[in-house]
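Here is the structure we will look at.
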Amino acid sequence: MSELTAFFSGEPTELIASELLGKTLRYQTNQGVMSGYITEAEAYLGQNDSAAHAFQGKRTPSNEALYRDPGTIYIYSIHGRYMFDIATQEAGVPQGILVRGLEPVEGIEIMRQNRPREGYELTNGPGKLMQALGIQDKALNLISLDEAPLTIQLTGKIPAKVGESSRIGVSQNGNGTLLPLRYFVAGNPYVSGMRKREMDLENRGWK
DNA sequence: CTCCCGATTGTCT
DNA sequence: GACAATCGGGAGG
């Protein structure tokens, strides 16, 4: 079992989601390398979670990746934007984590070409970070992070404080939808909806 | 092939 | 903080 496979299984998905904060997302393209620290993530807990795509065991060609091995990339689109998820837990257990924020480290100029916005507007949202990376299709869907040009390195930063909240865009009436399954680096500007006065512009929420 | 709609974003108040 | 735009894709016939 690879290091990533082990990381994305073996403990509850919500714990994995919080531990994902500060890890490095890295994407190798023919434009160059882009990377950044994950600042925000949400856990989706499969068949018992009414907000999850696999609620009640729903399984279709589009959400197939959730049922695959831990570390499988799950890309889907909504509102005409692309989202990046990672399957967690052993094959057959359709849980996953949605990556919602990224603090750019390498390849910022490439990102700005893909998405011409200034500062934290570049990657402070799930659709925004995908646009910045230049991922506008599902070519990487169903591929393992171990084999894709898009991968995660288990090195990076440690959050000084992890914030929690209910998940964004999830209607608040259903099984599990009230749970605080969204995790973010408190004070980091590259977190969706972070208010200006709550931003820690000096350390950006890292230790 | 049609009908439907959302794990969003940006813009305006 | 509210709301409309928008669009691809997915589910089902």
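Lettering follows sequence order; numbering is per chain, from 1.
- Using a 4.0 Å cutoff on non-hydrogen atoms, the parts of residues 70-82 of chain A near DNA chain C are A:Ser77, A:His79, A:Gly80, A:Tyr82, ordered by number.
- Residue contacts shown for A:Arg117 are limited to sugar-phosphate atoms, with no base heavy atom under 4.0 Å away.
- Residue A:Tyr190 forms a side-chain contact (heavy atoms from CB on, under 4.5 Å) with just one option from A:Tyr37, A:Tyr120, A:Phe184, and that option is A:Tyr120.
- Not one N or O on the side chain of A:Thr5 forms a donor-acceptor pair closer than 3.5 Å with the backbone of A:Met1.
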Report all side-chain donor-acceptor pairs from residues 138-147 of chain A shorter than 3.5 Å, counting only partners two or more places apart or in another chain.
unit_1   : atom_1 : unit_2   : atom_2 : d
A:Asn141 : OD1    : A:Ile75  : N      : 3.0
A:Ser144 : OG     : A:Asp146 : N      : 3.0
A:Asp146 : OD1    : A:Ser2   : OG     : 3.4
A:Asp146 : OD2    : A:Ser2   : OG     : 2.6

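- Legend: residues meeting side chain to side chain donor-acceptor pair (under 3.5 Å) with A:Arg117, ordered by chain and number and at least two apart, are absent.
- A:Arg182 comes within 4.0 angstrom of no nucleic acid atom, judged by non-hydrogen atoms across all strands.
- Aromatic ring centres of A:Tyr74 and A:Tyr76 lie closer together than 6.0 Å.
- Not counting sequence neighbours, A:Tyr44 has no partner by the ring pair (Phe, Tyr, Trp, His ring centres under 6.0 Å) test.
- A salt bridge does not link A:Glu164 to A:Arg182: none of the charged nitrogens lies less than 4.0 Å from a carboxylate oxygen.
- Although no hydrogens or angles enter the test, the distance criterion places a donor-acceptor pair under 3.5 Å between the side chain of A:Glu40 and the main chain of A:Ser192.
- Helical stems of DNA chain C (runs of at least 3 Watson-Crick or G-U pairs, donor-acceptor distances under 3.5 Å) are listed by first residue: B:1-6 with C:7-12, B:8-12 with C:1-5.
- Distances were taken from every side-chain heavy atom of A:Lys128 (C-beta onward) to each of B:dT8, B:dG10, B:dA7; the shortest belongs to B:dG10.
- When the nearest nucleotides of DNA chain C are assigned to A:Lys58 and A:Arg195 by heavy-atom distance, the more 5′-ward of the two goes with A:Arg195.
- Judged by distance alone, the side chain of A:Arg68 and the main-chain N or O of A:Gly92 form no donor-acceptor pair under 3.5 Å.
- In this structure, A:Asp200 contributes its side chain and A:Gly187 its backbone to no donor-acceptor pair below 3.5 Å.
- Between the P atom of B:dA7 and the CD atom of A:Gln95 lies a distance of 18 Å, rounded to the nearest Å.
- The same atom, C1', is picked in C:dG12 and in B:dA7; the two are 23 Å apart, to the nearest Å.
- A donor-acceptor pair under 3.5 Å links the side-chain atoms of A:Thr123 to the main chain of A:Leu102, judged by distance alone.
- At whole-Å resolution of the value, CE in A:Met83 and P in C:dC7 are 15 Å apart.
- For the pair A:Asp85 CG and B:dA7 P, the computed distance is 11 Å after rounding to whole Å.
- Rounded to a whole Å, the CG atom of A:Asn63 is 12 Å from the P atom of B:dA7.
- Taking atom CG of residue A:Asn124 and atom P of nucleotide B:dT8, one finds them 13 Å apart after rounding to whole Å.
- Within the 4.0 Å cut-off from OP1 or OP2 of B:dT8, not a single side-chain nitrogen or oxygen of A:Ser192 is found.
- Rounded to a whole Å, the OH atom of A:Tyr183 is 19 Å from the P atom of B:dA7.
- Just one of A:Arg26, A:Glu3, A:Lys23 meets the side-chain contact (heavy atoms from CB on, under 4.5 Å) condition when paired with A:Gln153; it is A:Arg26.
- Scanning residues 129-143 of chain A for heavy-atom distances under 4.0 Å to DNA chain B yields an empty list.
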